2 protein chains.
Amino acid sequence: MLTKKAKYGLKAMVHLAGVRPGETALVADIAASNQIPKKFLDAILGELRNAGFVHSKKGKGGGYMLARPPSEIGVGNIVRALDGPLAPIQCASKTVYRRCDDCTDETRCAVRLVMLRAREAIAEVLDKTSLEQMRGLGESGDGVRLLVGGGVVRQAMDMA
Amino acid sequence: MLTKKAKYGLKAMVHLAGVRPGETALVADIAASNQIPKKFLDAILGELRNAGFVHSKKGKGGGYMLARPPSEIGVGNIVRALDGPLAPIQCASKTVYRRCDDCTDETRCAVRLVMLRAREAIAEVLDKTSLEQMRGLGESGDGVRLLVGGGVVRQAMDMA
DNA sequence: ATCCTACTCTATAAATCTAGTCAACTTTGT
DNA sequence: ACAAAGTTGACTAGATTTATAGAGTAGGAT
Ligand code: FES
Ligand code: FES
């Protein structure tokens with residue numbers, strides 16, 4: 001189960017992907033727009049900054065902005081930065097593998113082998129979806145239309 | 001991330017799938033074989049019993065046994081019983097859907113739409129794998145060939 | 001009767017989620 | 001140069017869930 005930290009982080013990133021490039025968004029605004037506890041979002045954006053996903057600027061006119069264009073940011077990596085490995089279990093992770101103390105033969109552990117497949121399935125979805133594509137999902141009329149490639153889409157709008 | 005409860009539960013179920021039909025396995029034995037804290041496993045098997053996956057018998061010669069043949073038990077349902085919905089986020093669950101308080105328009109929420117796809121991918125793996133098949137994974141020599149005791153099923157394993 | 005086994009209840013340590021307070025930095029007005 | 005206001009950042013703290021341990025209770029076999 002995704003933690004609220006990751007959920008809020010993703011919502012914030014989607015929000016940031018919606019501001020015009022070069023401009024910043026205030027934590028207070030992001031929090032209000034998405035109904036996220038402000039102080040929690042503070043900490044989350046701090047982690048995303050340390051992980052290199054966003055840049056921050058203090059003082060008047062400050063705020064947060066994406067560090068790279070949203071088409072180059074993978075959803076899976078955002079989740080990894082906030083919630084750790086995608087794999088349901090650490091011994092099935094490819095990025096942050098860690099042995100299970102309680103399994104003697106990892107290569108024949110049924111649980112691990114099933115979860116490896118699950119990890120593959122999750123990564124297939126999350127790592128092949130860019131932040132831009134994810135944002136596009138929410139923009140499309142009724143969520144049925146899929147978008148292809150990284151090229152895209154409508155750029156207008158941002159809620160007031 | 002799968003909790004340890006589910007991980008231990010799955011290991012216990014695999015163990016139970018390995019005893020001869022009609023016979024029982026002791027909690028102490030399952031715990032020792034799989035290096036699971038006994039008292040925790042006690043509670044886990046209790047939940048699995050309440051969920052109807054296993055039967056228990058007290059007294060000498062007692063223990064636990066599967067309630068149905070392992071080929072009729074889906075791995076996804078075991079996980080659901082212990083850790084709740086497979087979906088990374090509740091609003092993306094099909095079995096235990098619950099609205100997000102913090103999202104105004106659920107049908108256009110980018111986070112939900114992505115997680116809906118993730119849920120689909122996870123369910124595809126976990127719901128189409130039976131306990132028997134999962135156990136078979138651990139039995140096979142190196143994960144490429146897999147034979148299942150009883151009715152032999154050959155199953156190609158894509159990735160590694 | 002007594003042994004074996006599942007079951008229940010209570011308790012402790014860690015992680016998660018949320019709020020509050022104050023400190024550090026950056027721009028702007030004078 | 002200086003003060004003030006706007007903004008992120010860091011530190012503490014309480015409520016809730018997760019993971020584990022201990023002691024003891026209840027039910028069944030011989
Ligand atoms: S090796 Fe990780 S669950 Fe068995
Ligand atoms: S509706 Fe659940 S995350 Fe938006």
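Everything numeric in this text was worked out from a predicted model, so none of it was measured. Numbered from 1 within each chain, the chains take letters A, B, ... in sequence-line order. Hydrogens, waters and symmetry mates are skipped; everything else that's a heavy atom, side chains included, is used.
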Self-check item: Length of the CD1-P vector between A:Ile30 and D:dT8, whole Å
Solution: 8 Å

Quiz item: To the nearest Å, how far apart are A:Leu26 CG and C:dC25 C1'?
Solution: 15 Å

Quiz item: Does a salt bridge link B:Glu120 with B:Lys94, judged by any charged N lying under 4.0 Å from a carboxylate O?
Solution: yes

Quiz item: Within the distance-only criterion (no hydrogens, no angle test), does the side chain of A:Arg80 pair as donor or acceptor with the backbone N or O of A:Pro85 below 3.5 angstrom?
Solution: no

Quiz item: So does B:Glu23 pair up with B:Arg20, basic N to acidic O under 4.0 Å?
Solution: yes

Self-check item: A:Asp102 side chain vs B:Gln35 backbone, donor-acceptor pair below 3.5 Å
Solution: no

Quiz item: Tell me, which of residues 15-25 of chain B have any heavy atom that sits under 4.0 Å from an atom in DNA chain D?
Solution: none

Quiz prompt | Derivation and outcome, side-chain hydrogen bond (donor to acceptor under 3.5 Å, both in side chains), residues B:Tyr97 and B:Glu106 | solution = CA-CA 12 Å; B:Tyr97 169 84; B:Glu106 311 148 307; 2.8 Å; yes

Practice problem: Round to a whole Å and report the spacing from CD of B:Glu47 to C1' of C:dA6. | Solution: 16 Å

Quiz item: Could you state the CE-C1' distance from B:Met1 to C:dA14, rounded to the nearest angstrom?
Solution: 15 Å

Quiz item: Base, backbone or nothing for each nucleotide of nucleotides 18-25 of chain D, written B, S, -, heavy atoms under 4.0 angstrom, 5' to 3'?
Solution: -SBBBB--

Quiz item: Under 3.5 Å, side chain of A:Arg135 to main-chain N/O of A:Val14, donor-acceptor pair present?
Solution: no

Quiz item: Can you tell me how far the CD1 atom of A:Ile89 sits from the CG atom of A:Leu116, to the nearest 0.5 Å?
Solution: 10.0 Å

Exercise. Classify the nucleic acid contact of B:Leu45 as base, sugar-phosphate or nothing, counting any heavy atom under 4.0 Å across all strands shown.
Key: nothing

Practice problem: On DNA chain C, check which nucleotide each of A:Lys60 and A:Ile36 is closest to and give me the residue with the more 5' one. | Solution: A:Ile36

Exercise. Can you tell me the distance, in whole Å, between the NE2 atom of B:His55 and the C1' atom of C:dA6?
Key: 15 Å

Quiz prompt | Nucleotide D:dG6, atom P - distance to CG of A:Asp29 in whole Å | solution = 14 Å

Self-check item: Length of the CG-C1' vector between A:Asp42 and D:dC11, whole Å
Solution: 13 Å

Self-check item: Per A:Lys58 side chain, nearest of listed nucleotides C:dA24, C:dC7, C:dT5
Solution: C:dA24

Quiz item: Which one of B:Ile36, B:Leu45, B:Ile44 satisfies the side-chain contact (heavy atoms from CB on, under 4.5 Å) criterion with B:Val27?
Solution: B:Leu45

Exercise. Report yes if at least one side-chain N or O of A:Ser56 is closer than 4.0 Å to OP1 or OP2 of D:dT7; otherwise report no.
Key: no

Quiz item: Does atom NZ of A:Lys128 have more than 12 heavy-atom neighbours from other groups under 6.0 Å away?
Solution: no

